[in-house]
Protein chains: 2
Amino acid sequence: MTKKDNHSRGLGRPTMNDVAKTAGVSPVSVSRVINNHPSVKEGTKTLVRNAMQKLGYFPNAAAQAMRTNKTDTIGVIITDIANSANGHILQGAEEVCNNADKLMIATSSGFDINRESQLIDHMQRRRVDGIILQTGHEESEELHQMIKNCTVPIVVLDRDLPFEIDSVKCEHYHAAREAVGLLISLGHRRIGMIAAEMTTRPGHDRVKGYRDELESANIPLDETLIRAGSHLSEHGYHETISLLSSDNPPTALFAGGNHLQIGALKAIKALNKKIPDDLSFIGADEATVSALYTPPITTINRDMRLLGKKAAELLLSRINKSISDEVRNTLLPSEVILRSSCALLKKG
Amino acid sequence: MTKKDNHSRGLGRPTMNDVAKTAGVSPVSVSRVINNHPSVKEGTKTLVRNAMQKLGYFPNAAAQAMRTNKTDTIGVIITDIANSANGHILQGAEEVCNNADKLMIATSSGFDINRESQLIDHMQRRRVDGIILQTGHEESEELHQMIKNCTVPIVVLDRDLPFEIDSVKCEHYHAAREAVGLLISLGHRRIGMIAAEMTTRPGHDRVKGYRDELESANIPLDETLIRAGSHLSEHGYHETISLLSSDNPPTALFAGGNHLQIGALKAIKALNKKIPDDLSFIGADEATVSALYTPPITTINRDMRLLGKKAAELLLSRINKSISDEVRNTLLPSEVILRSSCALLKKG
DNA sequence: CAAAAATTTATATACGTATACACTTAATTT
DNA sequence: AAATTAAGTGTATACGTATATAAATTTTTG
């Protein structure tokens, strides 16, 4: 019994050596069968395959990774995995990765900056071939450093970072302008704006679109109508309650985020206000509820699956070095879908 | 220049040896610092830490895995990652894994049986410490074999398999009976049932609950009222259209699945039927829409996050061998949440 | 102050795989 | 038939880490 014969000694899983022994060939032949090397006789192939079958052999990915310095794995770090919008991103990315024979592994940070750092760390230790990152902390200096120092390619998902880096983003600014413009064209002058963190693209750009559109319509800005700060449903709920129960409530409301929209709709329901009679309403990123709501809700939509796909494609190209070295920033469109939640402002 | 001095030659990433050289200590000391070994002088520690910092060193997880035969990784295989119910499962599981210092990596099969096998394979090759599996193919013999032969512990998520295996499941049967019972108590006799695949727990058990409750109420079964077969929204839509436009349409409808419910509601809307005046309705697993719908929808709910947590906890216990060897099957409750989508059957 | 004990550091090796290289045998050419 | 080529297989080794064992150093003790 030789030194390396772990398996027959009952310790641990079968290795290439065990398979080789069982098949009566050398370990090299086993390796060649595994990797579909051309020069191996058909007879040997089946010999090896049978042995693998018999022993229940699985190649050890860690050993392979160490030897080849590749893992064929793409790591994805998402803020909130329970958000179905992110689910669609993951679905899109996974489809592309599958087709490229890469395993996509998804993790989520829960918007926790420490967790985010840990996950980038994890991915690097595991030597993933590349990372798709949706940070929840665009502004963190620490994170910028981590990203800059990262030893594997990163594609950033719908975030603005203050340095050059591959990214795929969605258009938020013009869509927000279009949404607000629609409300203005219906006669609304007091338009409430509920937004996510200003340190995050969807929050920042949508608020900017709101401001610019009002300005270009010569409507004086009332800062108290802008309620930015969190992407959470609770934020949408409380700020909507606050806005609608104020002395001079808005006649229209724009909720720039799927959870925010849910929260806002709950608040509107709780206050027993009717859309669009008491209040015109525009939401964002929430396809299902918007279509089914009574009345159906006008909303800004974007193709999250496409976002995931584009990010994965860009990352794979970067990994394969099949594109030039210069940084790529892809911008995907948003679309305003008109439904019946917006009405002409009633005079008086 | 020695043989192993890769990094200073510019090839690849820094290793323990590079760090050791830079710090002026032996590789062993570096390893000890990494693993918080007690017996290492404070001065050496900082020396090593500075060197790691300077070189941008990251331990190679593959090498560690090979040496220690552990990966501190939990693999999760889910059917559909874009389904927010599954997102909540993942969230729950991830929380538990984080607290146990395990990295949870999520993948999804898209209900593709081949993909599912591949993923189990991937996980084994990568030597994850354990797998949480939500199969979309309870009935597949091939899959049963893969699961039985799997070399790492598996916890099955809300599925019935024809052999002993750790699992965490949700109660569907009694909740379905309760839902149908509620409709019966309101006078309904013709109750439509839209269900997912019969080869999957939520589909099978809910239909069984439906049948048994009707039987115990001495209501003759009309098989044409049962529309099982797919969890997809489209199935819910088409079967609802079909049911409601038949000669003898049901007066109440039970949609046993979140996507099915969405599809059914779309169909009801398309046919311009009013809930609950024209049709009483009960849904399942779709908290957001149900609460916001007009009228709010009575629904069967379950705690998906808890499902994920319990599965992860069971798996970790199994990995740590902190529980006895016997197979565990945890059953979590479902709950019927009463809202205003069900009404007394109008006579005549 | 020598010796024993405790602490810290170093040497050597194994984990499982892929590949460069050498080797054997069979097939082809001269 | 000898020489060349091709096809198939085997030997030896490196990847980066953790640890057993040994060695060196410092601290404690009689």
Side-chain angles (χ1 to χ4, degrees), chain A residues 2-9 11-21 23-48 51-52 55-72 124-127 151, chain B residues 2-9 11-21 23-48 51-52 55-72 124-127 151:
Chain A
T2 74
K3 258 191 200 171
K4 295 208 166 191
D5 193 2
N6 293 337
H7 187 245
S8 46
R9 296 216 312 281
L11 315 168
R13 301 195 186 77
T15 75
M16 261 180 35
N17 287 299
D18 300 313
V19 174
K21 201 155 295 178
V25 300
S26 83
V28 178
S29 298
V30 178
S31 172
R32 285 181 175 135
V33 171
I34 292 170
N35 297 312
N36 294 316
H37 197 86
S39 69
V40 48
K41 228 196 286 188
E42 206 52 50
T44 317
K45 246 182 226 174
T46 50
L47 227 53
V48 169
M52 297 202 309
L55 297 180
Y57 169 79
F58 284 94
N60 183 327
Q64 289 179 317
M66 187 159 62
R67 189 56 173 71
T68 61
N69 214 28
K70 288 182 23 175
T71 55
D72 287 327
Q124 290 190 74
R125 297 159 97 99
R126 275 151 216 271
R127 303 293 192 262
T151 52
Chain B
T2 75
K3 257 191 201 172
K4 295 210 164 186
D5 193 1
N6 292 337
H7 187 246
S8 46
R9 296 216 311 280
L11 316 168
R13 300 196 186 76
T15 76
M16 259 178 37
N17 287 300
D18 300 313
V19 175
K21 200 154 297 178
V25 300
S26 83
V28 178
S29 296
V30 178
S31 172
R32 286 186 174 133
V33 171
I34 292 170
N35 297 311
N36 295 316
H37 197 86
S39 67
V40 48
K41 231 195 287 186
E42 205 52 49
T44 318
K45 245 182 225 173
T46 51
L47 228 53
V48 169
M52 299 201 309
L55 297 179
Y57 169 79
F58 283 94
N60 183 327
Q64 289 179 318
M66 187 159 63
R67 188 58 173 72
T68 62
N69 215 29
K70 288 183 23 176
T71 55
D72 287 329
Q124 287 189 76
R125 297 158 98 98
R126 276 152 216 271
R127 304 291 194 262
T151 52

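These numbers come from the heavy atoms of this one structure, side chains and all, not from hydrogens, waters or symmetry mates. Proteins get letters first, then strands, A, B, ... in listed order; numbering begins at 1 in each.
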Closest heavy-atom contact between [X] and [Y]?
X	Y	result
B:Pro27	B:Asn17	CG-OD1, 3.2 Å
A:Ala65	A:Thr71	CB-CG2, 3.9 Å
B:Gly56	B:Pro14	O-CG, 3.8 Å
B:Val25	B:Ser29	CG2-CB, 4.0 Å
A:Met66	B:Ala63	SD-CB, 3.6 Å
A:Arg125	B:Phe58	CG-CD2, 4.2 Å

[atom1] of [X] versus [atom2] of [N]: gap in Å, rounded?
X	N	atom1	atom2	value
B:Lys21	C:dT11	NZ	P	12 Å
B:Lys70	D:dA18	NZ	P	11 Å
B:Lys45	C:dT9	NZ	P	10 Å
A:His37	D:dT9	NE2	C1'	11 Å
A:Arg125	D:dT17	CZ	P	10 Å
B:Asn60	D:dA14	CG	C1'	13 Å
B:Asn17	C:dA12	CG	C1'	13 Å
A:Leu55	C:dG16	CG	P	14 Å

Would you say [X] and [Y] make side-chain contact, with heavy atoms under 4.5 Å?
X	Y	answer
A:Met52	A:Ile34	yes
B:Val40	B:Val33	yes
A:Thr15	A:Asn60	no
B:Gln124	A:Arg13	no

Rounded at 0.5 Å granularity, tell me how far NZ in A:Lys70 sits from CD in A:Gln64. 10.5 Å
Between CZ of B:Arg32 and NZ of B:Lys41, what distance do you get to the nearest 0.5 Å? 13.5 Å
If you find the nucleotide of DNA chain C closest to B:Thr44 and the one closest to A:Met16, which residue's nucleotide is nearer the 5' end? B:Thr44
Tell me which of A:Phe58 and B:Ser29 sits closer to the 5' end of DNA chain C, going by the nucleotide each one is nearest to. B:Ser29
Picking from [options], which would you name as closest to the side chain of [X]?
X	options	answer
A:Val40	D:dT9, C:dA10, C:dA18	D:dT9
B:Thr15	D:dG16, D:dT11, C:dT11	D:dG16
B:Gln64	C:dT17, D:dT17, D:dT9	D:dT17
A:Pro59	C:dT17, D:dT9, C:dT9	C:dT17

Scan B:Val25 against the nucleic acid and name what it touches under 4.0 Å (heavy atoms): base, sugar-phosphate only, or nothing. sugar-phosphate
Write down the protein N/O and nucleotide N/O pairs, taken from nucleotides 19-25 of chain C, whose separation is under 3.5 Å; answer none if there are no such pairs.
| from | atom 1 | to | atom 2 | distance (Å) |
| --- | --- | --- | --- | --- |
| C:dT19 | O4' | A:Arg67 | NH2 | 3.2 |

Kindly calculate the angle separating the two end axes of the helix from C:dC1-D:dG30 to C:dT30-D:dA1, each obtained from five base pairs, and round it to 10 degrees. 40°
Report, one pair per line, the protein and nucleotides 23-27 of chain D atoms (nitrogen or oxygen only) whose separation is under 3.5 Å.
none

